[in-house]
Every structure is written in C-alpha cells, then in structure tokens.
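Sequence lines set the chain letters: A, B, ... in the order given, protein chains first and strands last, and positions in each chain run from 1.
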Amino acid sequence: MSLWIYLPVAGNSVNLLVLLGMGGLVGFLSGLFGVGGGFLMTPLLIMMGIEPTIAAASDANQIVAASASGTYAHYRAGSVDFKMGVLLLVGGVAGGSVGVLLIRVLRGLGQADLFISATYVVMLGGIGTYMLLDSLKELRGKGREYVTETRPSVWARLASALPWRTDFPRSRVNHSVLMPLLLGILVGVLSAIMGVGGGFIMVPVMVYLLRMPMHVVVGTSLFQILFTCANVTVLQAAVNHTVDFVLALVLLIGSVIGAQLGTHVNKRLKAEQLKILMAVIVLAVMAKMLMGFLITPEILVSYAGGH
Amino acid sequence: MRVDAANKLILPLVCLCWMMPAGLVRAQSPLRLGSQTVPLGMFFHGSTVHADGTVPAGYQLAVVCTGPTGELKLKRKERVLGLLWLTRGEVTFARVPSLYIVDTSAEMDQLAPQSTLDRLGVGYSSLEADATDATPRDRRASELFPELVRLKEREKLFAVHQHGVRLQERPTGLVDWSADIRLPAKLLPGEYNVRLYGFRAGTGELLDSRLLNVRQVGAVAAIHVFAKNRGLFYGIGAVLIAVAVGLLTGVAFGRGAKGGH
C-alpha cells in the first residue's frame with residue numbers, strides 16, 4: 001500500500017506517516033496545554049507544500065476533533081468550567097468581529113502587516129517571559145498568593161469593582177460576569193489580528209487574570225476552542241471551499257491520540273511545570289517569528305492566506 | 001443516400017488503415033503521448049508521461065508541457081526600517097501556467113536566439129510578458145518575476161530539463177525522439193498541453209501538439225465535487241465527523257484507562 005495520499009481539495013500528495021506524526025505531536029500539545037496548536041501546525045503544512053488558505057482551514061477542522069477528544073477527557077476528570085467557557089466564547093466571538101474590522105482599516109492604511117508582526121512579538125514575548133518568571137518564582141517557594149493576599153494589585157481592585165458578581169464553582173473563583181466577557185473580547189480581537197485560534201493567549205488570561213486553577217484552564221480552553229474551530233471550519237467550507245477533509249482526517253487520527261496522551265501527562269505534571277513548559281514553547285515560537293523577520297527570506301514572494 | 005455514399009468511402013479507408021503495418025502509421029506522427037489521461041486517484045504521487053515521435057533529421061527539439069493558465073496573486077516581502085522583512089501587500093501576475101515543464105535535446109541557448117524562444121513560448125523568459133501584463137499594470141511584477149519562478153521551481157511545478165529529449169537517427173533521414181515528462185505530486189486537474197517545437201538554422205517552429213487530460217477519479221473526484229458544490233453541508237459533515245472521532249477516541253481511551261486500573 002502506498003504511503004502517499006492525494007488530497008482532493010489541496011491538489012497535492014503528502015506522506016501519510018509524516019501527517020500522522022504531525023497530528024500526534026500537535027494533539028499532544030493540545031491535550032497538555034489546552035492550545036489548539038494552529039500556530040504550529042499551519043506553518044508545518046505550508047512547509048509541506050499545502051496552500052496557506054487550505055492549510056489553515058483544514059487545520060481548524062482537525063482541531064475540532066482534538067479539542068472534542070481533549071474536552072471529553074477533561075470533562076470526565078471534572079476540569080471543564082462550562083459557565084466560564086461559554087462567557088469567554090461569547091466575548092471571543094464579539095471580539096473576533098471587532099478584530100476583523102480593525103485589520104480591514106489597517107490594511108487600508110497599508111500598516112496592517114507591521115501592526116500584526118509587532119502584536120505577535122510583543123504578545124508572545126510578554127506572555128512567555130511573564131509565565132516563565134512567575135513559574136520559576138513559584139517553584140522556588142516565593143508564592144504569588146502571599147503577595148496578592150497582603151496587597152491587592154490594581155487589577156484585583158479593578159476586577160472587584162465590577163458589578164454582577166457570580167460564583168464559578170468549578171474554578172473556585174468569584175468574578176463579575178463582565179470579566180470573562182471583556183477578556184473574551186480582548187482575546188478575540190488579538191486572535192483575529194494575529195490570525196490564530198487564540199488558545200495560547202487565552203490560557204495565560206485564565207491563569208493570571210481570572211485566577212483559575214491550571215488544570216481547569218486547560219479543559220475550559222479546549223471546550224472554547226472546539227466551538228471556535230467548528231465555526232471556522234463550516235464558514236471556510238461554505239464560503240471559500242478551502243477545507244480538505246482528507247487532510248484533516250489523517251491529521252485528526254494522529255491528533256486525537258496525541259490529545260489523550262497529552263491529557264494523561266497533564267494530570268501527572270504540577271501546575272508550575274506546565275506553565276514553564278508552556279512559557280518555553282511560547283518563547284520559542286516568538287524567537288522563530290523574530291528570526292523570520294530578521295533573516296533575509298530565501299524567496300521574496302509567497303502564497304497568500306494562512307496564519 | 002448521401003450517408004450511404006459517405007459510408008461506402010469511409011469503410012474502405014478504415015479497413016486500409018487497419019491493415020497497414022502499425023510502424024508505418026506511427027512513423028508519420030511527430031508527437032505521441034504514452035497516455036492521454038493522467039488519473040488523480042487517492043494514492044497519486046506524481047507521474048511520468050512518456051512522449052515520443054519521429055521528425056525529419058536536422059532538428060533540435062523542445063517538448064513543452066503547460067497547465068491551465070490563470071491570474072496569480074502572491075504576498076511580497078520587503079525590508080522595513082532597514083531591519084525587518086515584512087509582507088508589504090500583494091503582487092499580481094496576470095497569466096501564469098499552473099505547470100510549465102520543458103525538456104530539450106540541447107542546451108537552451110543552442111536551440112535558437114532568445115527572441116525566437118520567447119516568441120514560441122520556450123523557456124521561463126517567454127512567460128514574463130504574459131505574467132507581467134496585468135491591468136492595471138503592477139510594476140513590481142517584472143521585478144519579482146524571477147522570485148515567482150523560484151517559488152514554482154521549489155514546488156517542482158516549473159522545470160527545465162536540458163538534454164531531457166533523447167534523439168536517435170534512422171538511416172532514412174528521419175529521427176526518432178523520446179522524453180519522459182515528469183509531473184509533480186502537486187498537480188491540479190485540468191486540460192494540459194504538450195507541444196513539440198523543432199529548431200534548425202536558428203529558426204523554430206511548432207511541429208505538433210497534444211492535449212493531456214489530468215482528472216480526479218474515484219473518491220478524490222467525489223470529495224472534490226462535494227466540497228465545491230455543497231460547501232455548507234460538506235463543512236457541517238466535516239465538523240460532525242471530527243467531533244464523533246474525537247469523542248469516540250475519548251471514550252475508548254477512558255475505558256482503556258479504567259481497565260488498566
């Protein structure tokens with residue numbers, strides 16, 4: 001039997017084992033950290049010769065499977081906060097629409113790509129560095145809780161001033177309903193600008209701004225990504241015809257298995273260890289992007305679309 | 001009555017052709033393709049189409065295989081602030097073939113002067129005029145045309161194989177030639193064109209051409225048609241299957257974990 005498979009929509013032939021391996025790796029990261037993995041998978045698919053628009057749309061399709069698998073595993077473990085997830089999702093959808101409009105305005109001004117690139121480097125660099133330093137501090141025993149309990153931060157005071165407070169029992173926090181909605185909008189705007197699912201922005205937001213426990217963060221993030229990517233898949237298939245289901249199917253077979261393994265490892269690691277690993281990956285992606293901006297490209301043109 | 005008369009003429013002619021030695025019929029054809037159709041099935045991974053024929057002695061040859069032609073928009077990168085390489089808008093190429101593969105019997109510059117090659121459409125530079133003829137004119141298209149060629153070469157969609165055509169002289173003043181046209185794994189369906197050019201004494205001419213039908217077959221064709229014609233249902237189906245596979249794997253792993261404990 002041939003190890004190569006021809007993709008009907010992409011119009012390209014790819015190696016089955018390589019695709020399964022890529023799906024497994026990204027699924028593992030998805031289950032481990034609660035990220036969709038689009039920021040990793042889409043560039044890999046483009047490197048294999050898949051057109052960027054098809055790579056991004058088909059990747060969204062396979063993330064649906066990985067996040068469904070991961071969400072189910074976390075649901076069984078009792079680590080999905082559905083109430084928080086729905087509020088973040090509603091905010092994310094609204095923020096995504098605002099972000100798309102913002103990009104259109106910036107494209108008109110000819111500054112969109114500079115703005116997107118700067119957002120990427122600042123966001124990834126800022127989040128990665130903060131997570132890394134904070135986790136190292138916690139590992140050394142200087143707990144963040146001690147500092148926050150004695151002197152509430154500006155953020156904590158601002159958050160406590162918002163109306164319509166409610167309990168989120170699964171996350172063991174009490175916040176205003178507006179908090180997850182507003183943060184969802186913020187992440188939605190950034191996701192639309194950066195052209196990614198937003199998992200690696202949402203996870204730090206839930207950990208540091210919503211103060212949710214790390215294990216609930218991962219399950220809740222996957223729950224939200226499931227709906228975001230399902231929406232993207234249907235829209236891309238209906239409007240642009242860019243979803244290659246054969247590509248997505250091979251990737252998702254690898255990714256659902258990887259997601260289960262990732263979830264398994266997630267339960268065995270301490271929250272600080274997870275945060276350090278996540279921080280290292282975010283910083284590595286930032287470093288790769290920065291290098292891409294600094295090193296003269298091999299070819300000065302590329303296909304449009306993708307993340 | 002007229003139909004009967006025509007039948008009376010055609011039937012003996014067909015019988016005559018059928019009775020002629022196969023070699024005699026084949027000898028008259030300057031260009032033959034080993035296959036008129038390239039099927040894109042589920043396990044397609046590139047293909048080679050054998051081409052051969054017979055031409056009068058004294059010619060150097062070029063076989064040019066081109067895919068469907070269309071507009072191509074690409075992102076272009078420029079240096080910003082003297083430091084960062086960023087995407088700065090798009091460049092539009094008016095007419096670019098999806099595939100362009102040339103096999104020649106000699107070095108390209110020995111076939112004919114550049115102006116002749118450009119006029120006939122042999123070699124990359126012959127594509128530039130069409131590619132940069134966008135309306136409104138995109139001045140960057142000319143600057144970036146070599147980059148377009150490098151991008152397509154990297155995908156094996158553009159290639160020039162000098163000495164890819166083999167010649168074998170016959171004592172009868174004819175030359176048999178053959179070439180293998182290598183089609184890459186990244187191949188879109190459509191009508192492709194294979195043209196044979198002959199060159200002698202600094203001039204060139206089109207000797208023959210054939211159509212090559214590249215088409216999707218079986219499950220590949222069915223999925224492609226469904227994706228194009230029923231996009232919404234295709235998308236919903238893709239999501240439902242993905243969710244089902246995800247949940248089933250979750251259940252399977254969950255049971256496995258229980259059993260293990």
Side-chain angles (χ1 to χ4, degrees), chain A residues 1-2 4-14 49 61-73 76 110 113-114 117 226 230 233-241 243-246 248-249 252-253 256-257 259-260 263-264 292-304, chain B residues 40-46 73-80 83-91 144 147-148 150-151 154-155 184-189 216 219-224 227-228 231-239 241-254 257:
Chain A
M1 187 188 144
S2 170
W4 294 84
I5 189 161
Y6 182 80
L7 307 172
V9 176
N12 201 352
S13 176
V14 287
N61 190 188
Q62 78 84 17
I63 292 173
V64 170
S67 52
S69 172
T71 303
Y72 179 76
R76 281 172 59 91
D113 292 304
L114 183 60
S117 308
L226 168 61
T233 303
V234 174
L235 286 178
Q236 290 281 24
V239 180
N240 299 323
H241 311 294
V243 175
D244 195 310
F245 182 65
V246 175
L249 188 68
L252 71 84
I253 289 169
V256 289
I257 297 168
Q260 291 295 329
T263 307
H264 189 67
F293 296 139
L294 294 173
I295 295 171
T296 306
E298 211 177 302
I299 300 175
L300 297 179
V301 291
S302 61
Y303 291 104
Chain B
L40 301 174
M42 199 52 96
F43 300 111
F44 174 81
H45 177 50
K73 283 182 193 281
L74 295 176
K75 291 195 290 188
R76 60 184 168 81
K77 285 193 171 177
E78 280 179 18
R79 187 161 250 178
V80 177
L83 181 72
L84 301 170
W85 284 97
L86 297 174
T87 303
R88 303 287 282 174
E90 287 183 335
V91 56
L144 293 171
E147 299 296 314
L148 164 71
R150 289 176 63 200
L151 180 73
R154 193 170 64 178
E155 297 176 301
K186 185 173 184 176
L187 197 64
L188 293 171
Q216 297 184 328
V220 169
I223 294 170
H224 185 85
K228 294 285 173 197
L232 180 63
F233 295 112
Y234 174 83
I236 292 169
V239 165
I241 293 173
V243 170
V245 172
L247 291 180
L248 284 174
T249 317
V251 171
F253 270 74

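- With respect to chain B, the highest number of heavy-atom pairs below 4.5 Å among A:Val14, A:Ile299, A:Leu252 belongs to A:Ile299.
- For chain A, the option among B:Ala222, B:Gly46, B:Gly246, B:Gly235 with the highest count of heavy-atom pairs below 4.5 Å is B:Gly246.
- Here the CG atom belonging to A:Leu7 is positioned 11.5 Å from the CG atom belonging to B:Leu40, to the nearest 0.5 angstrom.
- Each of B:Glu78, B:Arg154, B:Arg150, B:Arg76 has some count of heavy-atom pairs under 4.5 Å with chain A, and the biggest count is that of B:Arg150.
- Contact tally against chain B (heavy-atom pairs below 4.5 Å) for A:Val64, A:Asn61, A:Val9: the top residue is A:Asn61.
- Across all their heavy atoms, A:Glu298 and B:Glu147 have their closest contact at O-OE1, 4.2 Å.
- The heavy-atom pair separating B:His45 from A:Ser13 by the smallest distance is ND1-OG, 3.3 Å.
- Checking side-chain atoms of B:Glu155 against main-chain N and O of A:Gly49 turns up no donor-acceptor pair under 3.5 Å.
- Between B:Leu188 and A:Ala10, the closest heavy-atom pair is CD2-O, 4.4 Å.
- Only the backbone of B:Leu187 comes within less than 4.5 Å of a heavy atom of chain A; no side-chain atom from C-beta onward does.
- B:Trp85 has its side chain out of reach of A:Leu294: every pair of non-hydrogen atoms, C-beta onward, lies at least 4.5 Å apart.
- Between B:Lys228 and A:His241, the closest heavy-atom pair is O-CE1, 3.3 Å.
- For a residue to count as touching a neighbouring chain, one of its non-hydrogen atoms must lie under 4.5 Å from one of that chain's; by this rule A:Ala230 touches chain B with backbone and side chain alike.
- In terms of heavy-atom pairs under 4.5 Å with chain A, the best-connected choice from B:Arg79, B:His224, B:Met42 is B:Met42.
- Taking both residues in full, the closest heavy atoms of B:Lys77 and A:Pro297 are given as CD-CG, 4.0 Å, listed atom of the first, atom of the second, then distance.
- Neither the backbone nor the side chain of B:Leu248 has a heavy atom closer than 4.5 Å to any heavy atom of chain A.
- Using a 30° and 60° split on the angle between ring planes, A:Tyr6 and B:Phe44 fall in the perpendicular class, above 60°.
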Step-by-step side chain to side chain contact (heavy atoms under 4.5 Å, CB included) determination, B:Thr249 to A:Tyr72
CA-CA 9 Å; B:Thr249 317; A:Tyr72 179 76; over 6 Å; no
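- A distance of 9.0 Å separates CG of B:Leu232 from CG of A:Leu235, quoted to the nearest 0.5 Å.
- Both the backbone and the side chain of A:Thr296 come within less than 4.5 Å of a heavy atom of chain B.
- When A:Val234, A:Leu249, A:Thr263 are compared by the number of non-hydrogen pairs under 4.5 Å with chain B, A:Val234 comes out ahead.
- Between chain A and the options B:Leu83, B:Leu84, B:Leu151, heavy-atom pairs under 4.5 Å are most frequent for B:Leu151.
- Residue B:Val91 touches chain A through its side chain alone, counting heavy-atom pairs closer than 4.5 Å.
- The closest side-chain heavy-atom distance from B:Val220 to A:Val246 is not below 4.5 Å.
- Interface residue A:Ile257: backbone and side-chain heavy atoms are both found under 4.5 Å from chain B.
- Residue B:Ile241 comes nearest to A:Phe245 through the heavy atom pair CG2-CZ, 3.5 Å, listed as atom of the first residue, atom of the second, then distance.
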